[in-house]
Amino acid sequence: QVQLVESGGGLVQAGGSLRLSCAASQRTFSSYAMGWFRQAPGKEREFVASISWRGSRIYYADSVKGRFTISRDNAKNTVYLQMNSLMPEDTAVYYCAASTTPATTDVAYTTWGQGTQVTVSS
């Protein structure tokens, strides 16, 4: 089973940018659809973005459209989340996950990373 490790989180001021990375342990990474989710304190985990194995299908939550970009490099077994124009409400633990389809619901994902904290100060 593929293992996922996120990195790139941190503290940033509102309006700033961060790029999250999610590295997968297996070469079969290229056969998985990948998703990013986030969970803020006291809130349920929510969908952020997803991408199909070939990158031909991409989906975003309305709250991040136009600000976040998901991409992947199958040669590096890595998926990215470029986050621009960050707002305090983007503060959460961000998780990457693997699935057979670029679903927008977390129940479709079978493998999860440990998460990386993103904090946006006002």
Side-chain angles (χ1 to χ4, degrees):
Q1 188 176 6
V2 65
Q3 294 182 327
L4 305 172
V5 178
E6 301 97 334
S7 61
L11 173 64
V12 64
Q13 289 188 332
S17 299
L18 282 174
R19 188 176 82 154
L20 305 183
S21 299
C22 173
S25 62
Q26 294 185 356
R27 294 180 180 179
T28 53
F29 166 80
S30 62
S31 64
Y32 289 92
M34 299 297 296
W36 285 97
F37 290 78
R38 66 187 182 185
Q39 187 167 21
K43 295 187 176 181
E44 293 186 353
R45 184 165 56 192
E46 64 174 358
F47 169 76
V48 175
S50 62
I51 186 169
S52 60
W53 70 270
R54 198 165 51 182
S56 57
R57 288 182 290 160
I58 291 176
Y59 304 99
Y60 295 100
D62 288 342
S63 59
V64 307
K65 276 181 183 176
R67 300 188 299 121
F68 291 11
T69 302
I70 189 171
S71 62
R72 67 190 296 162
D73 185 339
N74 288 340
K76 295 183 178 180
N77 292 349
T78 302
V79 63
Y80 304 98
L81 185 68
Q82 177 66 45
M83 305 186 295
N84 299 328
S85 302
L86 282 161
M87 302 183 293
E89 47 265 48
D90 294 318
T91 295
V93 177
Y94 283 71
Y95 299 90
C96 69
S99 176
T100 58
T101 180
T104 60
T105 56
D106 58 1
V107 295
Y109 291 80
T110 55
T111 303
W112 293 81
Q114 83 289 349
T116 185
Q117 176 70 47
V118 171
T119 304
V120 184
S121 63
S122 57

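Note that these values count all heavy atoms, side chains included, but never hydrogens, waters or copies made by symmetry. As the structure is a computational prediction, the values presented were derived from the model and not from experiment.
Without hydrogens or angle criteria, Arg72 side chain to Ser52 main chain gives a donor-acceptor distance under 3.5 Å. Remark: side-chain polar atoms of Ser99 are paired, donor with acceptor, to backbone N or O of Ala108 under 3.5 angstrom.
Two residues are said to be in side-chain contact when any heavy atoms from C-beta on lie closer than 4.5 Å; Met34 and Phe29 meet this criterion. Taking the side chain as every heavy atom from C-beta outward, Met83 and Val12 never approach each other to under 4.5 Å.
None of Val48, Leu86, Thr69 except one satisfies the side chain to side chain contact (heavy atoms under 4.5 Å, CB included) rule with Val64; the exception is Val48. Under the side chain to side chain contact (heavy atoms under 4.5 Å, CB included) rule, Val118 has a single partner from Leu20, Leu11, Thr91, Leu81, which is Leu20. Each of Glu46, Glu89, Glu6 was scored for a salt bridge (Lys or Arg N to Asp or Glu O under 4.0 Å) with Arg38, with one residue passing: Glu46.
Annotation for Tyr109 and Gly35: closest pair CE2-N, 3.5 Å, computed over non-hydrogen atoms. Considering every non-hydrogen atom in both Ser122 and Pro88, the closest pair reads CB-CG, 3.8 Å.
Interatomic distance, Ser71 OG to Tyr80 OH, rounded to the nearest 0.5 Å: 7.0 Å.
Cluster membership check: Phe68 does not share its hydrophobic cluster with Phe47, using side-chain heavy-atom separations under 4.5 Å among Ile, Leu, Val, Met, Phe, Trp and Tyr.
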So Phe37 and Trp112, ring pair (Phe, Tyr, Trp, His ring centres under 6.0 Å) or not? Walk me through it.
CA-CA 10 Å; Phe37 290 78; Trp112 293 81; 5.1 Å; yes

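For Gln114, the CD atom counts as densely surrounded, since its 6.0 Å shell holds more than 12 non-hydrogen atoms of other residues, nucleotides or ligands.
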